[in-house]
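Here the structure is laid out as structure tokens; the discussion comes afterwards.
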There are 2 protein chains.
Amino acid sequence: MKTRIGIMGYGNLGRGVEIAVNAAEDMVLTAVFTRRDPAGVKILSPDVPVVRADEAEKWADKIDVLIMCGGSATDLPEQTPKYAKLFNVVDSFDTHARIPEHFANVDSAAREGDRIAIISVGWDPGMFSLNRAYANAILPDGKDYTFWGKGISQGHSDAIRRIAGVKNAKQYTIPVESALEAVRAGENPELTTRQKHTRECFVVLEEGADAEAVEREIKTMPNYFSDYDTTVHFISEEELLRDHAGMAHGGFVFRTGKTGVNGEHSHVIEYSLKLDSNPEFTTSVMTAYARAAKRLFDEGQRGCKTVLDIAPAYLSDRSGEELRAQLL
Amino acid sequence: MKTRIGIMGYGNLGRGVEIAVNAAEDMVLTAVFTRRDPAGVKILSPDVPVVRADEAEKWADKIDVLIMCGGSATDLPEQTPKYAKLFNVVDSFDTHARIPEHFANVDSAAREGDRIAIISVGWDPGMFSLNRAYANAILPDGKDYTFWGKGISQGHSDAIRRIAGVKNAKQYTIPVESALEAVRAGENPELTTRQKHTRECFVVLEEGADAEAVEREIKTMPNYFSDYDTTVHFISEEELLRDHAGMAHGGFVFRTGKTGVNGEHSHVIEYSLKLDSNPEFTTSVMTAYARAAKRLFDEGQRGCKTVLDIAPAYLSDRSGEELRAQLL
């Protein structure tokens, strides 16, 4: 029997899950839930119902895993615990500093509902976390490096948009090539924030806005920009929509470490992603973990898990025999 | 209580395990077993007994995990099932084509002995397998590429040494840079064996041997060399020992795949290792999986497992809370 998937929220992530589930032979998309008027939500799958989010609980017996497609800032902290009482859920909560709190909330909700939940699934947190965990266990005497980009940071773009006089903006996070090379060469550099990434901003001004003042406000903004080398380009809205609408992203996780009687041998582990579509890759990861959620639930596992708690074989639609023969 | 580790076989791998276990705060090296005369085996740890392999079974209650440090060609197919009846074991069996058979033998032995066994632990099979499995589950519509090197291939070096007139030899497997670049750029190239790797041989001749005949025999050797661009250098034994005694190795695993309504988005996942010491990295992985073996055994798991069956958190000495806060 196919795993029945529900989608909560239909933006870029919801659409990405829809594509991934429709491509999986062992899954079927059962319903898409939305807080908007369902009549106004066009999805790709003609035979799948679009349902008001507040009617979701009627679907609790018809869905094996509900994939949460809201945002981490306000949606998921409220929605994931709420729906973990009714469904097995997978989310992509990515506010690193708040993961322990989110884990605790989701864990108690899922246990109350006798369900399983997998949080913080995607690429960072997600695939990058896995690589950090494996590499730390293998090379305990070592150093971690994570670089992001080139790609658009939503949070930094939003921060620019809140400046008076800014009509629209996109901000690219770009890893510094020489820093990547130094890490890759096993030099174990100590890198400041400024040495790891640069920030490039494309800004559309409101009519009559003071470009110089906006640029100064961006470059001196604490936390977001003041610790970085930041470049600001003023462009037209037409150019922004034409040239900066892509959702490419990526990044690099390194661990460099030593082994030997006197630490005489160096090793470099590098994992990198180059993604044309950040949301579609994220949801491809979430869909694989939805497969795991169903299997773990069927085995009797309950409560909140993360990618660190789940064996890789659970993500695959192949049998153990096939995996050993084909991929081991 | 610390996990008590035994080592079966004291060559490069055994020594690597010894170093890794001594560096781990939650493990203690309890005994080293050898088929040689223990009096002639000098180990790094002054207080650890070196014991004849045929006395190992007397140690069954004193050791939590026995790490098998023999070779895949003849040692492990016999030793791992034998000792899996008495101990929890971890091995690095790396003959890919024979893994299903080895798995079956070890599984039945471990179940007979009510023990857990983890086979094929290292980097390939091992970390490379994990990356293939994760990436295949995430990007089902895609293509896998594995490149090895630059590093010495034991099997190919042995094949050269068996040629009449050859006194000693080392063979480097080298990935072709332009092939790596094409894969990394998402071009999805179809690569022949010849296009992926070159082979570079350093050969010491017996006195009076015919260099031209040896070179021809190497370059035309089926399976090993005939499908590759092979370079042969004749050097003195002194040069071989001085310049080619290193144990550096490494490699690359890629998966490139498509997502989107019409496969319009490409993604590249790359994992790479650059290792100063192949055996010390391999045994660092084995030591982390020995930690997992003890925990899984304590949870009641029995029989044979591979890296694909084990959640990453089991490899770490950190708690779930620490992992979520620090590495997720």
Side-chain angles (χ1 to χ4, degrees), chain A residues 16 19-20 23-24 44 96 99-100 103 120 125 127 129-134 136-141 144 184 186 259-261 264-277 280-281 284-285 288 291 306-313 315-318 320-321 323-325 327-328, chain B residues 16 19-20 23-24 44 96 99-100 103 120 125 127 129-134 136-141 144 184 186 259-261 264-277 280-281 284-285 288 291 306-313 315-318 320-321 323-325 327-328:
Chain A
I19 294 168
L44 301 167
H96 286 265
I99 287 174
F103 182 92
S120 299
M127 299 311 297
S129 320
L130 286 175
N131 277 281
R132 286 187 284 260
Y134 279 118
N136 271 267
I138 295 167
L139 296 176
D141 179 13
D144 292 307
R184 198 172 278 141
T259 63
V261 178
E264 65 273 25
H265 295 130
S266 292
H267 308 281
V268 180
I269 304 175
E270 176 175 353
Y271 179 80
S272 71
L273 296 173
K274 201 159 55 196
L275 311 175
D276 271 0
S277 168
E280 286 179 10
F281 188 83
S284 294
V285 182
R291 179 179 290 122
T306 76
V307 297
L308 304 179
D309 304 311
I310 296 170
L315 310 189
S316 176
D317 61 355
R318 304 188 210 184
E321 290 75 18
L323 287 172
R324 285 190 292 275
L327 297 179
L328 193 66
Chain B
I19 294 168
L44 301 167
H96 286 265
I99 286 175
F103 182 90
S120 299
M127 298 312 296
S129 321
L130 286 175
N131 277 280
R132 287 188 284 260
Y134 278 119
N136 271 267
I138 294 167
L139 295 176
D141 179 13
D144 292 306
R184 198 171 277 142
T259 64
V261 178
E264 65 273 26
H265 295 130
S266 292
H267 308 280
V268 179
I269 304 175
E270 176 176 354
Y271 179 80
S272 71
L273 296 173
K274 202 158 56 195
L275 311 175
D276 271 1
S277 168
E280 287 180 9
F281 188 83
S284 294
V285 181
R291 180 179 289 123
T306 76
V307 297
L308 304 179
D309 304 310
I310 296 170
L315 310 188
S316 176
D317 62 354
R318 304 188 210 185
E321 291 73 18
L323 287 172
R324 286 190 292 275
L327 297 179
L328 193 67

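Letters go in sequence order (proteins before strands), and every chain restarts at 1. In this text the structure is predicted, and so the values were computed from the model without any measurement.
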Exercise. Of the backbone (N, CA, C, O) and the side chain (C-beta and beyond), which part of B:Ile19 lies under 4.5 Å from a heavy atom of chain A, both, or neither?
Worked result: side chain
Problem set entry | Max heavy-atom pair count under 4.5 Å with chain B, selected residue of A:Gly320, A:Pro312, A:Ser129 | A:Pro312
For this session: Select, from A:Ala325, A:Ala313, A:Ala23, the one with the greatest count of heavy-atom pairs under 4.5 Å involving chain B.
Result: A:Ala313
Exercise. Looking at B:Asp144, B:Asp141, B:Leu315, which makes the most heavy-atom pairs under 4.5 Å with chain A?
Worked result: B:Leu315
For this session: Flag the one option from B:Val268, B:Leu328, B:Ile310 with the top tally of heavy-atom pairs under 4.5 Å to chain A.
Result: B:Leu328
Problem set entry | When B:Ser316, B:Ser266, B:Gly186, B:Ala288 are compared by non-hydrogen pairs under 4.5 Å with chain A, the top option | B:Ser266
For this session: Output all residues satisfying side chain to side chain contact (heavy atoms under 4.5 Å, CB included) with B:Val285, sequence neighbours left out; order by chain, then residue number.
Result: A:Ile138, B:Val121, B:Met127, B:Phe281, B:Tyr289
For this session: May I ask you to name which of B:Asp317, B:Thr306, B:Leu308, B:Val307 has the most heavy-atom pairs under 4.5 Å with chain A?
Result: B:Leu308
Seminar exercise, completed: Answer key: most heavy-atom pairs under 4.5 Å with chain B among A:His96, A:His265, A:Arg318, A:Arg132 is A:His265
Problem set entry | B:Ser277, part contacting chain A, at a heavy-atom distance under 4.5 Å | both
Problem set entry | Rounded distance (nearest 0.5 Å) linking atom OH of B:Tyr271 with atom OH of A:Tyr134 | 10.0 Å
For this session: Heavy-atom pairs under 4.5 Å with chain A are the metric here; pick the option from B:Asn131, B:Leu44, B:Leu130, B:Asp309 that has the most.
Result: B:Leu130
For this session: Among B:Glu264, B:Arg184, B:Arg291, single out the residue with the greatest number of heavy-atom pairs under 4.5 Å to chain A.
Result: B:Arg184
Exercise. Can you name the salt bridge (Lys or Arg N to Asp or Glu O under 4.0 Å) partners of A:Glu321, sequence neighbours left out?
Worked result: A:Arg324
Problem set entry | Spatial distance of atom CD (A:Glu270) from atom CG (B:Leu273) [nearest 0.5 Å] | 10.0 Å
